[in-house]
Amino acid sequence: MTNNEKGDVLHSGGCHCAAVRFQVHAPADVHIYNCNCSICYVKSNQHFIVPAQKFELLQGKELLTTYTFNTHKAKHMFCKVCGVQSFYIPRSNPDGYGINPRCIDKGTIENMIVENFNGVEWESSMQVELQKPVSIQSRSK
């Protein structure tokens with residue numbers, strides 16, 4: 001893991017059975033995306049995005065299984081034991097991770113800023129997203 005950006009804290013987390021554990025450097029105030037695409041809607045997925053260099057899988061690699069569909073760019077990884085998806089590789093950021101904030105251990109997230117994202121119309125929504133002013137959190141999706 002590389003050095004953190006100013007303001008990042010170390011968050012630890014994992015799946016329900018604790019077979020999969022990870023840590024991630026991200027702000028204490030996280031920008032959460034609430035997506036309505038076919039898979040996020042069904043599993044009630046909310047996530048924040050971090051670059052790959054800010055994520056470290058600590059244990060459980062052998063217990064992860066991966067599901068892909070449609071473009072096969074997103075890699076939805078689940079614990080084989082409990083079925084929880086703590087993180088995944090998003091289609092929009094294949095060099096990063098989408099982190100489930102509910103899988104972060106309590107105590108390091110101070111605030112969650114939730115933004116709805118229209119994943120049903122992914123291509124046009126990404127064009128709108130790319131037009132937003134650049135900031136650490138606004139390029140997340």
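Starting from 1, each residue takes its place in the sequence as its number. Remember, predicted model here, so these are calculated numbers, not experimental data.
Side-chain atoms of Leu57 and Val20, non-hydrogen and from C-beta on, do get closer than 4.5 Å to each other. Within the 4.5 Å cutoff, side-chain heavy atoms of Val84 are placed close to those of Cys103. Inter-residue side-chain proximity for Ile49 and Ile99 is flagged as unmet; no heavy-atom pair is nearer than 4.5 Å. Between His47 and Tyr33 the shortest side-chain heavy-atom distance falls below 4.5 Å. Between Leu10 and Val24 the shortest side-chain heavy-atom distance does not fall below 4.5 Å. Residues Glu115 and Ile32 fail the side-chain proximity criterion, which asks for heavy atoms closer than 4.5 Å.
In this structure, OG1 on Thr68 lies 11.5 Å from CE on Met77, to the nearest 0.5 angstrom. Put simply, OG on Ser44 and CG on Asn36 are 12.0 Å apart, with the number rounded to the nearest 0.5 Å. Atoms CD1 and OG1, from Ile89 and Thr66 in turn, are 7.5 Å apart once rounded to the nearest 0.5 Å.
Smallest separation of non-hydrogen atoms from Asn100 and Arg102: OD1-N, 2.8 Å. Closest non-hydrogen pair, Val9 versus Pro27, comes out as CG2-C, 4.2 Å. The two residues Cys79 and Cys82 come nearest to each other via the heavy atoms SG-N, 3.5 Å. Between Ala26 and Val50, the closest heavy-atom pair is CB-CG1, 4.0 Å. Of all non-hydrogen atoms in Gly96 and Pro90, the two that sit nearest each other are O-CD, 3.6 Å. Scanning both residues, Pro94 and Arg91, for their nearest heavy atoms gives CD-O, 3.5 Å.
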Under the side-chain contact (heavy atoms from CB on, under 4.5 Å) rule, what do His76 and Ile39 come out as? Steps first, then yes or no, please.
-> CA-CA 9 Å; His76 301 274; Ile39 193 166; 3.7 Å; yes
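Cation-pi check for Lys43 over Tyr88 is met; the charged atom lies under 6.0 angstrom from the ring centroid and within 45 degrees of its normal.
When atom types are taken as modelled, the side chain of Ser12 and the backbone of Gln23 share no donor-acceptor pair closer than 3.5 angstrom. Side-chain atoms of Gln46 do not come within 3.5 Å of backbone N or O of Cys40 as any donor-acceptor pair. Side-chain N or O atoms of Asn93 include none that pairs as donor or acceptor with a backbone N or O of Asp95 at under 3.5 Å.
Residues satisfying the side-chain hydrogen bond (donor to acceptor under 3.5 Å, both in side chains) test with Thr108, not counting sequence neighbours, are His11.
Within the structure, salt bridge (charged side-chain N to carboxylate O under 4.0 Å, His left out) pairs that include any residue of residues 63-86 do not occur (at least two apart or interchain).
You'll find the ring centres of Tyr67 and Phe78 outside the 6.0 Å limit.
Using modelled atom types and a 3.5 Å distance limit, the side chains of His72 and Asn70 yield no donor-acceptor pair.
A single hydrophobic cluster is seen to contain both Val114 and Ile104, as judged by linkage of ILVMFWY side chains at heavy-atom distances under 4.5 Å, directly or through other members.
Taking the six-membered ring where the residue is Trp, Phe87 and Phe22 present perpendicular rings, their angle passing 60° and hence far from 30°.
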